[in-house]
Asks: 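Okay, here's the structure, questions in a sec.
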Amino acid sequence: MEVDGIMVSAATGAMNSLLGKLAALLEEDYQMHRRMKRDITFLRDELSSMNALLERLADAEALDPQTKEWRNQVREMSYDIEDCIDEHTRQLRIRQPQAASGVLGFFHGYVQKVKELVGRHEIAEQIRELKARIVEAGHRRKRYKLDSSAVNCKSSNAVAIDHRLPALYAELDALVGIDAPRDEIIRLLDDGDQRMKVVSIVGSGGLGKTTLANQVYQKFGKQFDCKAFVSLSQHPDMGMIFQTILYQVNDEAVRTRSGDKEQVINELRAFLKNKRYFIVIDDIWSTQAWKTIRYSLLENNYGSRILVTTRIGTVAKSCSSRCLDLVYELRVLSENDSRRLFFRRIFGTEDKCPHQLKDISIEIVRKCGGLPLAIISVASLLTTKPYARAEWYKVHDSIGSGLEQNSDVEEMNMILSLSYYDLPYHLRTCLLYLSMFPEDYVINRDYLIRRWISEGFIKVNGGRTLEEEGECYFNELINRSMIQPVHIQYDDRVYSCRVHDMILDLIISKATEENFITIITGKKQMLASKYKVHRLSFDNHDQENVTLYSMVTTHVRSLNIFRYCEQMPPLLNFPALRMLDLDGNNNLESSYLEDIGNLFQLRYLRIRASNISLPDQIGELQFLVILDLLNCIGISKLPASIVKLQYLKWLIVPRVELPDGIGNLQALEYMSLMVVDQSTSISSLQELGTLTKLRTLGLDWRINEFHKEKLTYTDNFVSSLGKLSRSNLQYLTLISPWSLDFLLDSLSPPHLLQRLGITGWHLSRIPVWMASLADLTYLDIEVKVRQETLEILGNFPALQFLKLYSNAVDHNERWLTVSNNGFRCLQKFKFVHWMNLIFEEGAMPKLETLESQIVAHEARPECGFGPPDFGICHLSALKNLIIDIFCECARVEEVEALEVAIQIAASMLPNHPTPTLNRFREAEMVKNCQGLKTATFDYFQRRRTAEEMGGFMVSVATGAMNSLIDKLSTLLVQEFKLHRGVQRDIAFLNSELSCMNALLEKLADMEVIDPLVKEWRSQVREMAYDIEDCIDRYIHQVQHEPHRPGGVMGLFHGHVQRVKELLARREVAHQIKVLKDDIVEASHRRKRYKVDPELYSGAANVVTIDPRLPALYVEASDLVGIDAPRDQLINLVDNDDQSLKVISIVGFGGLGKTTLANEVYKKIGGRFNCQAFVSVSQKPDAKKILRSIISQIMEPYHPSTNPGDRAVISQIKKKDYSSAEAGDEEWLINTVRGFLKDKRYLIVIDDIWSTQAWVTIKLALVENSCGSRILVTTRISTVAKSCCSPDHGTVYELRPLSKADSTTLFFKRIFGSEDLCPNNLKDVSTEIIKKCGGLPLAIITMASLLADKSDRKEEWVRIRNSIGSELEKKYDLDVMRSIFIP
């Protein structure tokens, strides 16, 4: 089966899976025709060859269209052939009904043979057709020489501009949030240690690692004898890297041939031997590259430093100095810094942002997730938009689902794509698969890995299981900064993740391009309609906007429905389905699953719906491997047919009855949570022990102490559990409302056990067999805690997580001591008990998180008259400290002294954790202490007093919400009174309602509310009242416990009362679950309808510039209408402001922008120290432009250049570009910047077409305070705006000529003046001029055309009529068209 390791991938489609099935067909003893066997053999061999080529093509970042088309066709064929083979296999494996005997049986057998013959003939015909397609694809591959294309595809991917260059030349004033990380890295580097040290900066693409490293280099590098800054790539030329380092640290180094790497390394090592050097290695991608560079940098004791930047965590660790924590993880910008950067890029400051855009701007900033590159790119995109809320909302909604493209967004995608293409193709497949999930979706690690497994993306390696291998994939994506960790476990394993919206944009575009995923949402549809749909993700926000019926779904293999709607096609429309995930579909009805038995190929089924029942046809899914019903709380019993699923490995369910025949599921590895109660058969318990592959087991034990067959149940359960313990059991969870003390001495030690949970009813002591659990890392246990308990648990050699929970009290022990010889590996400890803890020096040396309780009035007797001391200061590794302080019967000063003591103790720890201190029962601090112990342990002994309730408000705006939240918080304080499931539900309600309450308070301040919002608010307020009523009933039941008489009668009465309490609490627990579902739906509705008050307040290769027809160089006296705009521009350019200013001239082609810029340049250029006029094009050669600037502004040599550079500059002026420097973009930029640093310069950049080109040119034009000016001309208003920063720049919009100037220019070109125009031509001339619309180029062109015509009016009228339709061919007209449509 695919889940055993045969892989499916975005690169090769179903090819690997298909090849495995073809091989299996040939090996198995199927009765197939000889010709059909030959065809299958041919398919296997031919497809193996094609698969090898597909894998080679997967390593290419870009393919030519021909190769891409062939690849897509072959991948599609792999899916088609696999579907055909699967159908053939299905027919072969269908068990035919047993034929009757006699004549009827003979006839039935004959008919059946005819059916089989027809079926096999059809399959054979399909295979022949598929073979013909494969043969044609093979011919096409040879015909178009696709193998050579695959070899050459990498070399053709030349990138014109290094996208890291802007980071190297960013001005300090333009940076935001850089100071703190820069100073922290300098602190790591500048520690006075004379040993050489290496510090690594690690973070995802676009975080600003290069910018940060450059700022450190500029500020810190001056302290060293020599320094160098080099940028690598994914495939670096190491010889060039070594030479660059050598030339930067040693100006006098002799240039060496690039092939002499050893000579360069030796010279570099010799030079650095006695030097204190600082080297920055930027953007390193592999440990191999680092080792090679590290070898060239001699280690000395002069305080040398190396700073490395990388996107990959493992590379960062391998680079940094051993035994020292010198990896700096660069974080995203804070919300404040993100806002500053965003508003500065668009408006200059936040104050200048229009009021109507303030709220949507903040939402956009939040969506950028603090990623500087994303903020800058989106801000640049928004500069092209009008100040209309609707336009900005479109951009907001497109983030995470496919941003509108412009040059900045494309550049961002290029930078992020570097990390994508650095992934091996099996990880690319796993990453692209994440586009199935909606934006901001928190993805559970184990859930994701199970989906990868069911899709066939994971192949076992090195003896690991599929889950272990999948976790390696998951961790590697985190290591490469492609996904973001959200929750981290006690053992530092990432428990859940999310995808940054900008990465999600990238992978959605890649997945759509590869026809790997098809995404349909209520907002947007991204369909690769040319090919069949294979994986479909449907997230319906709008019930009316459903277009699935227009889609062919017969080839869909994976279907994810995040919001079910009635318009969804039935499951019969998805015959090829292998993975079905119905997530968050509370309105899903059981009838939708009626035809699920027809999904023969289904491997994975997950349903998340509260009112669903599973049909009996589930047993027909013979290939089902994963069944996840964890969130189907309405299911209490599985269909009897469930035991037919022979391949089932994961059975993940809520509390459901253990089915009869469970022993048939011999492939099971994971089963939780099954209920064992009086309806469970003894045989089922016995069969449980036969599931020897089971690694995870969760059971809810409900056999009470009064059950007549309790002993039989417990004996069989212990026997089965013992068998599992001797097999593969690694994770065990036992929950019970009844005593589990029968496990104390009878169970065989499960030697492989790593996680154990025993909760619901406390054990009287630690079981004997637990002492031998050498591999146990996680323990969640309810037990009567004594000093002896801590000593036993402290001896567990591998324990990392411990939750110790008990409501049993030993009145002889009020204090527990954690000694210094236990819990050597413990990292997280949660202690829920009514005893205080004291930690000895050296206790729990690795503990990072402590959650505990302190009974304040018990602290003073133990601590004497000094301040309370619990030994917290001895927990040397502590990072997180949460203490719940119970104030009842304690004095105010005792509680305050206790809090101060805890804060002082925490401040003395190496990690300086900030303690979280929670006070409970504050109102009872000064109460009478009579009945002290009873009052402490019985939580609801008394109702809250009127004084205590005085601070909790009931209001029209929020209903009973504040009162309710307080009661929920108080309920959670006394956890021992709550069943664990109820505790979780109440904790969820508390958190969710707190968020909703904050929104209700915001809505209260609004005068006008949208009807949708008003309806949601009313529903939430009503729910608050309902939930408070439910909580009050629960409190009442617990508080009003009748007095129990003594003796035998009292014992009987106690048992009866306990059963009554249990039934009552179950009823309340059920009500709480129902209310929780209502709250969840309200929360979903809030997101679905955007119920937030803020919403309702007012890359190609470098191409040399093609020579274009020169602009008309005419004398000033021949120009018309030029004086006024020229003088206006001169006033803007030549003023007393000494800061650098950029003036943009914008207007459509033919208006005369170049002529105007040239007139300004000629008239005032002499007032500057140096000047240059360069023309750009749609595909500019940046190096050529920089060389042109150098040629115009520089003499052959000048004092600021060294002798080696002087010769290069002289060659450039002679248009000799043979030297290496002349082709080095970074050298050219540095040369221009160095010369212009202290000059007043004028540079004209004519006809610029993109912000990307501007960014590259601007890098060379250093910002100084000498009164320098840059004049830019462009046809594109967004480019004009991007060239001019908000602080210093002006956009000059060039207008068409006036009617008078148009007339003057027209007649001057034909007749010399209007007076010389024949009278019969004046009226038609006026009409022609009007049609030219004041465009100088059009007027000149028409005048040139008419100059060749006679003075006959008919000729001129014919020309007039042809304007706007089709003018006759002429050279001047061709020139005009080439300018209008470049």
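Computed over heavy atoms, backbone and side chain alike; hydrogens, waters and symmetry mates excluded.
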Asks: Quick one: does any side-chain atom of N795 pair with a main-chain N or O of E791 as donor and acceptor, under 3.5 Å?
Replies: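 Side chain of N795 to backbone of E791, a donor-acceptor pair under 3.5 Å: yes, one is there.
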Asks: Is there a donor-acceptor contact under 3.5 Å from the side chain of E894 to the main chain of R891?
Replies: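 Side chain of E894 to backbone of R891, a donor-acceptor pair under 3.5 Å: yes, one is there.
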Asks: Is a side-chain N or O of T849 found less than 3.5 angstrom from the main chain of K828, in a donor-acceptor match?
Replies: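 Answer holds: no.
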Asks: Backbone N or O of M674 within a donor-acceptor pair of the D700 side chain at under 3.5 Å?
Replies: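 Absent.
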Asks: Is the backbone of T465 close enough, under 3.5 Å, to the side chain of E468 for a donor and an acceptor to pair up by distance?
Replies: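 Yes: the side chain of E468 pairs with the backbone of T465.
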Asks: Can you check whether P913 reaches N880 side chain to side chain, under 4.5 Å on heavy atoms?
Replies: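 Answer no - side chains too far apart.
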Asks: Going by heavy atoms in the side chains, are I201 and V216 under 4.5 Å from each other?
Replies: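 No, their side chains stay 4.5 Å or more apart.
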Asks: Donor-acceptor pair, distance only, cut-off 3.5 Å: does the side chain of N479 make one with the backbone of G313?
Replies: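 Pair found, side chain donor or acceptor close to backbone of G313.
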Asks: I'd like to know whether CZ of R919 has more than 12 heavy-atom contacts from other residues, nucleotides or ligands below 6.0 angstrom.
Replies: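 Yes, the 6.0 Å shell around CZ holds more than 12 heavy atoms from other groups.
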Asks: Do the ring planes of W452 and F474 sit parallel (below 30°), tilted (30 to 60°) or perpendicular (above 60°)?
Replies: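 Tilted: the ring planes of W452 and F474 meet at 30° to 60°.
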Asks: Check the orientation of Y778 and Y490. Use parallel for under 30°, tilted for 30 to 60°, and perpendicular for over 60°.
Replies: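 Ring orientation of Y778 relative to Y490: tilted.
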Asks: Salt bridge between E788 and R765, side-chain N to carboxylate O under 4.0 Å?
Replies: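 Between R765 and E788 there is no salt bridge, as every charged N stays at least 4.0 Å from the carboxylate O atoms.
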Asks: With a cut-off of 6.0 Å (strictly less than), are more than 12 heavy atoms of other residues, nucleotides or ligands near CD of E841?
Replies: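 No, because the 6.0 Å sphere around CD of E841 holds 12 heavy atoms or fewer from other groups.
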Asks: Would Q489 and R445 count as a side chain to side chain contact (heavy atoms under 4.5 Å, CB included) if you check the C-alpha gap in whole Å, the side-chain angles of each, and the deciding distance to 0.1 Å?
Replies: CA-CA 11 Å; Q489 294 181 170; R445 176 197 64 213; 3.3 Å; yes
Asks: Do L697 and Y670 have side-chain heavy atoms sitting under 4.5 Å apart?
Replies: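 With C-beta onward as the side chain, the pair stays apart.
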Asks: Thinking salt bridges, do R305 and D191 make one under a 4.0 Å N-O criterion?
Replies: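 Counted as a salt bridge, because a side-chain N and a carboxylate O are separated by less than 4.0 Å.
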Asks: Can you tell if the side chain of V718 reaches within under 4.5 Å of the side chain of L721, non-hydrogen atoms only?
Replies: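 No, side chains not in contact.
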Asks: Taking S204's backbone N and O only, do any of them form a donor-acceptor pair with K209's side chain (distance below 3.5 Å, no angle check)?
Replies: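 It does hold such a pair.
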Asks: About how many Å separate CG of D780 and CG of L734, when rounded to the nearest 0.5 Å?
Replies: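 These two atoms lie 11.5 Å from each other.
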Asks: Do the side chains of D193 and K197 get close enough for a salt bridge, i.e. N-O under 4.0 angstrom?
Replies: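 A salt bridge links D193 with K197.
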Asks: Report yes if the side chains of I483 and H500 come closer than 4.5 Å at any heavy-atom pair, otherwise no.
Replies: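 A side-chain contact is absent here, since even the closest heavy-atom pair is not under 4.5 Å.
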Asks: Looking only at the side chains, is there a donor atom on one of Q754 and R695 sitting less than 3.5 Å from an acceptor on the other?
Replies: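 Per modelled atom types, Q754 and R695 side chains form no pair under 3.5 Å.
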Asks: Side chains of N821 and S819: do they bring a donor and an acceptor to under 3.5 Å?
Replies: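 Their side chains do contain a donor-acceptor pair, which is all the 3.5 Å distance test asks for.
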Asks: Taking only Lys NZ, Arg NE, NH1 and NH2, and the carboxylate oxygens of Asp or Glu, determine whether R331 and E329 approach each other closer than 4.0 Å.
Replies: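 Salt bridge present between R331 and E329.
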Asks: Could you check whether the rings of F831 and H833 sit parallel, tilted or perpendicular, using 30° and 60° as the cut-offs?
Replies: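 Judged by the thresholds at 30° and 60°, the geometry between F831 and H833 is perpendicular.
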Asks: Any heavy-atom pair between the side chains of L694 and M671 that's under 4.5 Å?
Replies: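 A side-chain contact under 4.5 Å exists here.
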Asks: Output yes when a side-chain donor or acceptor of S496 lies under 3.5 Å from a complementary backbone atom of N444, and no otherwise.
Replies: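 It does not hold such a pair.
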Asks: So for atom OH, which belongs to Y495, do other residues, nucleotides or ligands contribute more than 12 heavy atoms lying within a distance under 6.0 Å?
Replies: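 Count not over threshold, so no.
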Asks: Checking the side chain of N475 only, and the main-chain atoms of E471 only, is there a donor and an acceptor separated by less than 3.5 Å?
Replies: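 Such a contact is found between N475 side chain and E471 backbone.
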Asks: Is D775 salt-bridged to R755, going by a charged N under 4.0 Å from an acidic O?
Replies: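 No.
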Asks: I would like to know whether I735 and T733 meet side chain to side chain contact (heavy atoms under 4.5 Å, CB included); could you show each step before the answer?
Replies: CA-CA 7 Å; I735 301 173; T733 300; 4.1 Å; yes
